[in-house]
Asker: 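Just dropping this structure here.
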Amino acid sequence: MTIAPDAAVSPRHAALLSWFGERRRDLPWRRTRDPWAVLVSELMLQQTQVPRVVPKYEAFVARWPTAASCASAPLGDVVTAWAGLGYNRRAVNLHRCAAALVADHGGALPTDLPALMALPGIGPYTARAVLAFAHERDDVGVLDTNAARVLARWAGRSLGRAEAQRAADEAVPPGQGWAWNQAMLDLGATVCRPRAPRCDQCPVSRSCAWSVAGRPGPDPAIGSAGGSTGQSTFAGSDRQGRGRLVDALRRAPVDAFDLPAAMGWPDDPARATRVAATLVADGLAQIDESGTHRLPA
DNA sequence: GTCCGGTTGT
DNA sequence: ACAACCGGAC
């Protein structure tokens with residue numbers, strides 16, 4: 001197979017794809033095109049960094065290799081398998097998504113954007129990731145904050161959300177949807193970083209408007225992907241109590257009487273009850289008639 | 001202590 | 001439009 005010159009593929013495409021080909025890491029979700037496995041990996045990678053996802057991902061897809069197997073497991077088992085990943089509500093969403101896949105799609109992932117986005121826990125990013133990384137579509141740009149930053153710097157100005165998505169879609173070279181999108185995410189994460197970008201190591205700095213212009217302030221990436229809102233103190237927060245209770249529930253059910261201690265508020269049972277109710281509302285816990293809390297069946 | 005992030009619900 | 005969700009990195 002020869003590599004024919006292709007007028008539609010720019011030097012930027014060639015440089016980035018070649019960069020990715022040389023330095024790509026051999027990660028488990030890069031060895032599969034199975035849509036369910038890709039979905040699981042993307043949901044985990046949204047919130048957690050690669051080294052910690054690897055073992056969780058492998059254990060998860062080994063235990064639940066299909067949407068149907070996941071859907072038929074108790075939600076509590078899925079929440080327990082999620083331990084250490086954070087954002088436990090996403091384990092609930094994944095379980096609901098698996099059930100919806102079985103109910104509405106024969107246990108398979110849809111191959112079109114609207115159907116994917118209609119599923120619980122799947123938004124614009126994850127839907128396009130499934131299309132690009134599982135179905136190997138080459139007409140969708142996978143846009144996370146990393147890719148958005150890369151595109152804004154290439155353009156030399158901040159891009160609105162719809163504008164960035166359009167640019168991401170248009171940048172995908174024909175037949176290279178999988179590699180191109182993987183490369184974009186990698187470039188944003190490791191080279192085109194939010195602060196202290198490594199333009200000297202960037203394979204496409206010569207076609208980057210911001211870099212060519214000498215990186216004038218303000219950074220065009222600022223504002224293109226929503227500024228971060230400061231996180232309030234964790235210690236003593238409701239979040240901390242939620243986390244403590246879910247951890248306790250992963251080990252055993254918790255009697256109503258033991259709730260305040262389990263949540264770290266032995267002197268504030270009212271607060272424990274109130275915050276535990278938010279967990280129930282999120283589908284992460286159940287209360288039986290005697291007041292015992294447990295992970296959902 | 002501060003920052004990070006995609007989806008959901010307000 | 002924006003806060004909540006999490007736990008780990010820095």
Side-chain angles (χ1 to χ4, degrees), chain A residues 38-57 78-98 100 113-133 140-150 152 160-162 164-165 168 181 184-186 188-190 192-197 219 221-250 263-264 274-285 295:
Chain A
V38 167
L39 174 64
V40 171
S41 74
E42 289 301 333
L43 291 174
M44 291 181 171
L45 288 164
Q46 280 174 16
Q47 63 204 37
T48 309
Q49 286 167 350
V50 167
R52 258 168 57 241
V53 167
V54 171
K56 300 288 181 186
Y57 164 82
V78 176
V79 172
T80 298
W82 206 257
L85 289 171
Y87 290 97
N88 294 310
R89 287 193 302 193
R90 296 185 188 193
V92 178
N93 284 338
L94 177 55
H95 191 258
R96 287 179 182 153
C97 181
L113 193 59
L116 284 165
M117 286 186 54
L119 291 162
I122 301 189
Y125 166 81
T126 309
R128 287 180 171 82
V130 169
L131 292 176
F133 299 143
V140 292
V142 180
L143 188 66
D144 69 348
T145 61
N146 290 322
R149 183 172 56 252
V150 172
R161 201 148 159 263
Q165 184 62 66
N181 280 296
M184 286 289 284
L185 301 185
D186 258 17
T190 66
C192 196
R193 305 182 301 177
R195 287 167 300 184
D219 185 341
I222 307 294
S224 70
S228 60
T229 48
Q231 176 174 286
S232 41
T233 308
F234 180 67
S237 68
D238 286 0
R239 268 181 50 218
Q240 185 180 38
R242 281 174 61 103
R244 283 189 183 130
L245 181 53
V246 173
D247 276 344
L249 295 177
R250 285 199 259 246
M263 300 179 79
R274 172 174 58 76
V275 174
T278 69
L279 241 26
V280 174
D282 286 343
L284 275 163
L295 294 180

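Chain naming here is simple, since letters A, B, ... match the order of the sequence lines and numbering starts at 1 in each. Quick note: numbers below take in every heavy atom, side chains included, and nothing from hydrogens, waters or symmetry partners.
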Asker: Return the set of residues passing ring pair (Phe, Tyr, Trp, His ring centres under 6.0 Å) with A/Tyr87 (not counting sequence neighbours), or none when no residue passes.
Answerer: none

Asker: Take atom CZ of A/Arg239 and atom P of B/dC3, then tell me their distance rounded to the nearest Å.
Answerer: 14 Å

Asker: Measure from the side chain of A/Thr145, starting at C-beta and using heavy atoms only, and say which of B/dT7, C/dC6, B/dG5 lies closest.
Answerer: B/dG5

Asker: Return the value, rounded to whole Å, for the distance between atom CG of A/Leu43 and atom P of B/dT7.
Answerer: 8 Å

Asker: Rounded to the Å, how far apart are A/Gln47 CD and B/dT7 P?
Answerer: 11 Å

Asker: NA contact type, A/Asp282, heavy-atom cut-off 4.0 Å: base, sugar-phosphate, or nothing?
Answerer: nothing

Asker: With sequence neighbours excluded, what pairs up with A/Ala189 under the side-chain contact (heavy atoms from CB on, under 4.5 Å) test?
Answerer: A/Asn146

Asker: Among B/dT7, C/dC6, B/dC3, which nucleotide has an atom closest to any side-chain atom of A/Gln46?
Answerer: B/dT7

Asker: Compare all side-chain heavy atoms of A/Val79 with those of A/Val246 and state whether any distance is below 4.5 angstrom.
Answerer: yes

Asker: Does any residue of residues 78-86 of chain A have a heavy atom under 4.0 Å from DNA chain B, and if so, which ones, in number order?
Answerer: none

Asker: Atom NZ of A/Lys56 and atom P of C/dG8: how far apart are they, to the nearest Å?
Answerer: 9 Å

Asker: Testing the basics here: between A/Ala100 and A/Pro120, what is the closest heavy-atom pair and its distance to 0.1 Å?
Answerer: CB-CD, 4.2 Å

Asker: Provide a list of protein-nucleic acid N or O atom pairs under 3.5 angstrom, restricted to nucleotides 8-10 of chain B.
Answerer:
from	atom 1	to	atom 2	distance (Å)
B/dT8	OP1	A/Gly121	N	2.5

Asker: Would you kindly give the NE2-to-P distance between A/His95 and B/dT7, to the nearest whole Å?
Answerer: 21 Å

Asker: Does a distance-only test, which skips hydrogens and angles, find a donor-acceptor pair under 3.5 Å between the side chain of A/Arg90 and the base of B/dG6?
Answerer: yes

Asker: Under 3.5 Å, is there a donor-acceptor pair between the side chain of A/Gln240 and the main chain of A/Gly236?
Answerer: yes

Asker: Would you mind classifying the nucleic acid contact of A/Thr233 as base, sugar-phosphate or nothing, using non-hydrogen atoms under 4.0 angstrom?
Answerer: nothing

Asker: Take the protein atom CG of A/Leu245 and the nucleotide atom C1' of C/dG7, then report the distance between them rounded to whole Å.
Answerer: 17 Å

Asker: In terms of side-chain heavy atoms of A/Asp144, which of B/dC3, B/dG6, C/dG7 is nearest?
Answerer: B/dG6

Asker: Quick one: does A/Gln165's side chain have a donor or acceptor within less than 3.5 Å of a partner on A/Leu143's backbone?
Answerer: no

Asker: As a test of reading the structure: which of B/dC3, B/dT7, C/dG8 is closest to the side chain of A/Arg52, going by heavy atoms?
Answerer: C/dG8

Asker: Taking N and O atoms by type only, does the side chain of A/Tyr87 place a donor or acceptor under 3.5 Å from a partner on the base of C/dG7?
Answerer: no

Asker: Excluding sequence neighbours, so at least two apart, what forms side-chain contact (heavy atoms from CB on, under 4.5 Å) with A/Asp186?
Answerer: A/Trp19, A/Phe20, A/Arg25, A/Arg30

Asker: Once you round it to whole Å, what is the distance between P of C/dC5 and CE of A/Met44?
Answerer: 22 Å

Asker: Could you check whether A/Leu143 gets within reach of a base, just the sugar-phosphate, or nothing at all, counting any heavy atom under 4.0 Å?
Answerer: nothing

Asker: Quick one: closest heavy-atom pair of A/Met44 and A/Lys56, and the distance?
Answerer: CE-O, 3.8 Å

Asker: Out of C/dA9, C/dC5, B/dG6, which has the shortest distance to the side chain of A/Gln49?
Answerer: C/dA9

Asker: Which pairs would a plain distance check flag for residues 48-55 of chain A, meaning a side-chain donor or acceptor within less than 3.5 Å of a matching protein atom at least two apart in sequence or in another chain?
Answerer:
from	atom 1	to	atom 2	distance (Å)
A/Thr48	OG1	A/Leu85	O	3.0
A/Arg52	NH2	A/Gly84	O	2.9

Asker: Please determine whether a side-chain nitrogen or oxygen atom of A/Thr48 lies at a distance below 4.0 Å from atom OP1 or OP2 of C/dG7.
Answerer: no

Asker: Which of these nucleotides, C/dA9, B/dG6, C/dC5, is closest to any side-chain atom of A/Arg242?
Answerer: C/dC5

Asker: Is the shortest heavy-atom distance from the side chain of A/Val140 to the side chain of A/Leu113 under 4.5 Å?
Answerer: no

Asker: In whole angstrom, what separates A/Leu45's CG from C/dA9's C1'?
Answerer: 16 Å

